[in-house]
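Have a look at the structure below before the remarks.
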Amino acid sequence: MEHISEVLKILDGALKSNASLAMSYAGLLADKLHDQGDRAQARMIRERLARAPAAVASAQDAERGVSFSSLPVDGESRLHTVDVSQPRSEDIHLVLPNALERRVEDFLSGVRHYDQLARVGAALPNRMLVYGPPGTGKTQLVRWLAAQLNLPLLTVRCDTLVSSLLGQTSRNLRRVFDYAEHRPCVLFLDEFDALAGARGNERDVGELQRVVIALLQNMDALSASTVLVAATNHERLLDAAVWRRFSFNLPMPLPADDARRALWGRFLGTMVSDPQAIEELVAASLGASGALIEQVSLDGKRDAVLKHAGLIDVPGLFRRLGISMALAKGVALSTEEEEMQWLRQWQPQVFTLRALAHLYDTSTRQITNITKEKADGNSEGSDAASRRKSNRTRRK
Ligand SMILES: Nc1ncnc2c1ncn2[C@@H]1O[C@H](COP(=O)(O)OP(=O)(O)OP(=O)(O)O)[C@@H](O)[C@H]1O
Ligand SMILES: [Mg+2]
């Protein structure tokens, strides 16, 4: 039978006197029927739902403490542990390498055809672990998954979930998984290592082990058709038992050349018209994350708009990129001299003496001195550098 998982959930709802569960899944069933062309059946279900007394569902929910209008909160801080959103495909632009795109499609196809696969015993649990360096689009990917599946996204803040009163954490987890079990959704555990990396942490090890065990138990109890995605920057902290629970693993890499080209193009739009400049940005941003490219582009755009310019100033954009790349590498640039020295050795073809002089509104001789000082290993000392700084003649 097609759509057996929705039918089972509706049955669960009826057997557990949980009108809200039954109604949510009946709504999902109607959507699926509608999408595959069974409009008359979809309408029948929707009409029946429209007649259902909503008051019954909300009274039952309130009794159970999992009302959809009242999201689960941390027992101690009263902060919400879950955010609900409904991402839309047209708002999300995701750049993925081909191989990952195919794996994501496989995952989506598995979710969409879960019942059909389950009938022949070939369904994998709808579980995906996304991992990789910060700013590579993990959260963006999960929003995109929810949009593609047309399901609400329940984002769990794992840091809020791990209560300072550790005893609360397992209870918080239970509430969140209960909540997710009661409605069609994508359950998203973001910053997952806050939870799943708990074992082996230096704090109260016994209590933290209980958190991991509670997590594993909750994951095992969640029906395999519920979509669960977790994301982390610290995959090495994850327990092997946690890894095993995910049927799909997706490593998000730093963007390669093609991906960086697409990201620059996307974020700069028509505000940089020179294709050669884009190619140079692609080359110079090797090792940058998508988030860094976005930030530099937006700063450049903002600057252009505030100056009433139609196009972004390209050398200025390179300067922003250079400074962000330095920061990402842990190099602190606190003076303009340090900036110039860094830019010159970072991209000598872009930051010629003349380009730097123009950018910093000074003479090429000054630039030669400053960058030579760097090449000489800062042998002059900081007094000489600061003297020169105050003497520097500005071309006006
Ligand atoms: N591959 C990508 N495709 C599209 N946009 C991206 C990509 N990588 C990063 N971005 C942009 O960078 C921003 C940050 O991305 P996102 O929050 O998804 O990163 P993350 O991997 O979840 O980072 P963190 O590990 O810090 O949570 C987003 O606004 C997104 O627009
Ligand atoms: Mg993220």
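Note that ligands are numbered from 1 as they come in the structure, with each ligand's atoms numbered from 1 the same way.
- Every atom of ligand 1 with a heavy atom of Leu263 under 4.0 Å away is listed here by number and element: 3 (N), 4 (C), 5 (N).
- Here the protein heavy atom with the shortest distance to atom 17 (O) of ligand 1 is Thr139 CB, 3.8 Å.
- Closest non-hydrogen pair, Val142 versus Leu153, comes out as CG1-CD1, 3.8 Å.
- The set of protein atoms (N, O or S) found at less than 2.8 Å from the Mg ion (ligand 2) reads Thr139 OG1, by chain and number.
- A donor-acceptor pair under 3.5 Å is absent between the side-chain atoms of His34 and the main chain of Ala30, judged by distance alone.
- The protein atom (non-hydrogen) at minimum distance from atom 26 (O) of ligand 1 is Gly135 N, 3.6 Å.
- Here's the thing with Asp190: none of its N/O atoms is less than 3.5 angstrom from an N/O atom of ligand 1.
- Within ligand 1, counting atoms from 1 as listed, the ones closer than 4.0 Å to a heavy atom of Asn233 are 25 (O).
- Under the 4.0 Å criterion applied to side-chain N and carboxylate O atoms, Asp303 and Arg320 are assigned as salt-bridge partners.
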Ignoring hydrogens and angles, write down the donor-acceptor pairs under 3.5 Å from the side chains of residues 124-134, residues two or more places apart or on other chains.
| from | atom 1 | to | atom 2 | distance (Å) |
| --- | --- | --- | --- | --- |
| Asn126 | ND2 | Ser225 | O | 2.9 |
| Arg127 | NH1 | Met219 | O | 3.4 |
| Arg127 | NH2 | Ser223 | O | 2.9 |

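- Considering only non-hydrogen protein atoms, atom 14 (C) of ligand 1 sits nearest to Ala291 CB, 3.8 Å.
- Protein heavy atom in closest approach to atom 2 (C) of ligand 1: Val95 O, 3.7 Å.
- Of the protein's non-hydrogen atoms, the one nearest atom 10 (N) of ligand 1 is Gly290 C, 4.0 Å.
- By the 6.0 Å contact criterion, CZ on Arg48 is open, its count of non-hydrogen atoms from other residues, nucleotides or ligands being 12 or less.
- Distance check, rounded to the nearest 0.5 Å: CG of Leu187 to OG1 of Thr155 gives 9.0 Å.
- Looking at ligand 1, you won't find any N or O of Phe267 less than 3.5 Å from one of its N or O atoms.
- Per-residue contacts place Gln140 under 4.0 angstrom from the following atoms of ligand 1 (heavy atoms of the residue considered): 18 (O), 30 (C), 31 (O).
- Assignment of Leu96 to the shell around ligand 1 is not supported, since no heavy atom sits closer than 4.0 Å.
- Remark: minimum distance from atom 27 (O) of ligand 1 to any protein heavy atom is reached at Glu191 OE2, 3.8 Å.
- Leu141 and Leu254 are not part of a single hydrophobic cluster, where members link through side-chain heavy atoms under 4.5 Å apart.
- Note: the hydrophobic cluster containing Tyr114 does not contain Leu222 (ILVMFWY, side chain heavy atoms under 4.5 Å, direct or indirect links).
- Comparing His93, Gln295, Glu294, Lys138 against atom 29 (O) of ligand 1, the shortest heavy-atom distance belongs to Glu294.
- When each atom of ligand 1 is checked for a heavy atom of Pro134 under 4.0 Å away, the hits are 23 (O), 25 (O), 26 (O).
- For Asp38 (side chain) and Gln41 (main-chain N/O), no donor-acceptor pair under 3.5 Å exists by modelled atom type.
- A donor-acceptor distance shorter than 3.5 angstrom exists from the side chain of Thr232 to the backbone of His234, with no hydrogens or angles considered.
- A salt bridge is absent between Asp106 and Arg102: the closest approach of a Lys/Arg side-chain nitrogen to an acidic carboxylate oxygen does not fall below 4.0 angstrom.
- Closest of all the heavy-atom pairs between Phe246 and Ala230 is CZ-CB, 3.7 Å.
- Remark: side-chain polar atoms of Arg245 are paired, donor with acceptor, to backbone N or O of Ala241 under 3.5 angstrom.
- When the options Ala259, Gly137, Ala288 are ranked by their closest heavy atom to atom 16 (P) of ligand 1, first place goes to Gly137.
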